[in-house]
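The structure appears right after this line, and notes come after that.
Just so it is clear, the model here is predicted, and its values are computed rather than measured. Side-chain atoms are counted along with the backbone in the values below, which use heavy atoms only and exclude waters and symmetry mates.
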Amino acid sequence: MCDCYTPAGEPIPTNKRHSAAKIFSNPEVAAEEPWYGIEQEYTLLQKDTNWPLGWPVGGFPGPQGPYYCGIGADKSFGRDIVDSHYKACLYAGINISGINGEVMPGQWEFQVGPSVGISAGDQVWVARYILERITEIAGVVVTFDPKPIPGDWNGAGAHTNYSTKSMRNEGGYEVIKAAIEKLKLRHKEHIAAYGEGNERRLTGRHETADINTFSWGVANRGASVRVGRETEQNGKGYFEDRRPASNMDPYVVTSMIAETTIIWKP
């Protein structure tokens, strides 16, 4: 894994690692030891039709409901790919922490983390690369499009779970609430950096909050930011930014969350 520069030594436009590394090496940020857990969703497509794996060609499967974390040949499509990817990531030393079948059939998710600082972006990018290689061997296409099938089907996101040392310590819940208020104030800037085509996914339906409205809540999947019930009960812990799209750049998203919640002074 390497980042790229022009002959003059400037980072090339797609090298988002460079500016992320600056934010993560900021003394204020480093002192807070930001932890990330990224839930990377993706959809497997049949190579010749670009239609989701397990779907009848030109047609649709039964409605959503039985597929999430589902098992069985009529509900789970592509598990051999998913398991191979999981094992390859473990072998490669990526801190992959789980996989699950998603709400839409043919859609899956893997989780990377907890990772500290810049390593979150490094690990997600390499895990994506490995997934592309494994789907290539299987003759299947992987897409990170945030809404591959329009209509009454869930989109694909990259929910980003986040905490700082202050949030994990006693009294951390107050720090979390203050951080969420700062995220609210910069909602538009974050949305602009959270992936392409996200407006097709963030509709206020299918476990999303509307793209133009910031909201947060405890154990609320329809909010922009969700706080876990355990975090509320313990008075410390982490929160989940549910806005990033599945095609987001993890360097951009992780560093932006750190910048807004730790460095930025409204």
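At a threshold of 4.5 Å between non-hydrogen side-chain atoms, the residues Tyr251 and His18 do not count as touching. In this structure, the side chains of Pro52 and Gln107 stay at 4.5 Å or more apart for every pair of heavy atoms. Side-chain contact check for Glu240 versus Glu39: some heavy-atom pair is nearer than 4.5 Å. Between Arg168 and Trp35 the shortest side-chain heavy-atom distance falls below 4.5 Å. The shortest distance between side-chain heavy atoms of Ser246 and Gln40 falls below 4.5 Å. Contact annotation: the side chain of Val82 approaches that of Tyr42 to within less than 4.5 Å [non-hydrogen atoms, C-beta and beyond]. Contact annotation: the side chain of Arg128 approaches that of Pro250 to within less than 4.5 Å [non-hydrogen atoms, C-beta and beyond]. Under the 4.5 Å side-chain criterion, counting only non-hydrogen atoms from C-beta, Gln123 is not in contact with Ile96.
Residue Ser224 holds its OG atom at 7.0 Å from CD1 of Ile191, rounded to the nearest 0.5 Å. Here the CZ atom belonging to Phe214 is positioned 9.0 Å from the CG atom belonging to Leu185, to the nearest 0.5 angstrom. From Glu174, atom CD reaches atom OG of Ser166 across 13.0 Å, with rounding to the nearest 0.5 Å. In this structure, CG on Asp3 lies 9.0 Å from CD1 on Ile12, to the nearest 0.5 angstrom. The structure places CZ of Arg243 at 10.0 Å from OG1 of Thr160, a figure rounded to the nearest 0.5 Å.
No more than 12 heavy atoms of other residues, nucleotides or ligands lie within 6.0 Å of NZ in Lys184, so this atom counts as exposed by the packing criterion. Around atom OH of Tyr238, no more than 12 heavy atoms belonging to other residues, nucleotides or ligands sit under 6.0 Å away. More than 12 heavy atoms of other shown residues, nucleotides or ligands fall within 6.0 angstrom of atom CD in Glu232. More than 12 heavy atoms of other shown residues, nucleotides or ligands fall within 6.0 angstrom of atom CD in Glu28. At most 12 heavy atoms of other shown residues, nucleotides or ligands fall within 6.0 angstrom of atom OH in Tyr129. Residue Ile71 qualifies as open at atom CD1: its count of foreign heavy atoms under 6.0 Å is 12 or below.
Taken together through direct or relayed side-chain contacts under 4.5 Å among Ile, Leu, Val, Met, Phe, Trp and Tyr, Trp216 and Ile211 form parts of separate hydrophobic clusters. Linking ILVMFWY side-chain heavy atoms closer than 4.5 Å, directly or via other members, places Ile149 and Tyr68 in two distinct hydrophobic clusters. Hydrophobic clustering of Ile, Leu, Val, Met, Phe, Trp and Tyr side chains at less than 4.5 Å, counting indirect connections, unites Val227 with Ile257. Linking ILVMFWY side-chain heavy atoms closer than 4.5 Å, directly or via other members, places Trp51 and Tyr67 in two distinct hydrophobic clusters.
The ring-ring contact (aromatic ring centres under 6.0 Å, His included) check on Phe239 picks up Tyr162, with sequence neighbours excluded.
Remark: Lys177 qualifies as a cation-pi partner of Tyr173 under the 6.0 Å distance and 45° angle criteria applied to the six-membered ring.
For the residue pair Asp152 and His206, a side-chain donor N or O sits within less than 3.5 Å of a side-chain acceptor on the partner. For His190 and Thr260, the side-chain atoms include at least one donor-acceptor pair closer than 3.5 Å.
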- prompt: Stepwise, does the ring pair (Phe, Tyr, Trp, His ring centres under 6.0 Å) test hold for Trp108 with Phe77?
  reply: CA-CA 9 Å; Trp108 294 83; Phe77 312 111; 8.9 Å; no
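At least one donor-acceptor pair closer than 3.5 Å links the side chain of Ser97 to the backbone N or O of Gly113.
Across all their heavy atoms, Pro148 and Met104 have their closest contact at CG-CE, 4.2 Å.
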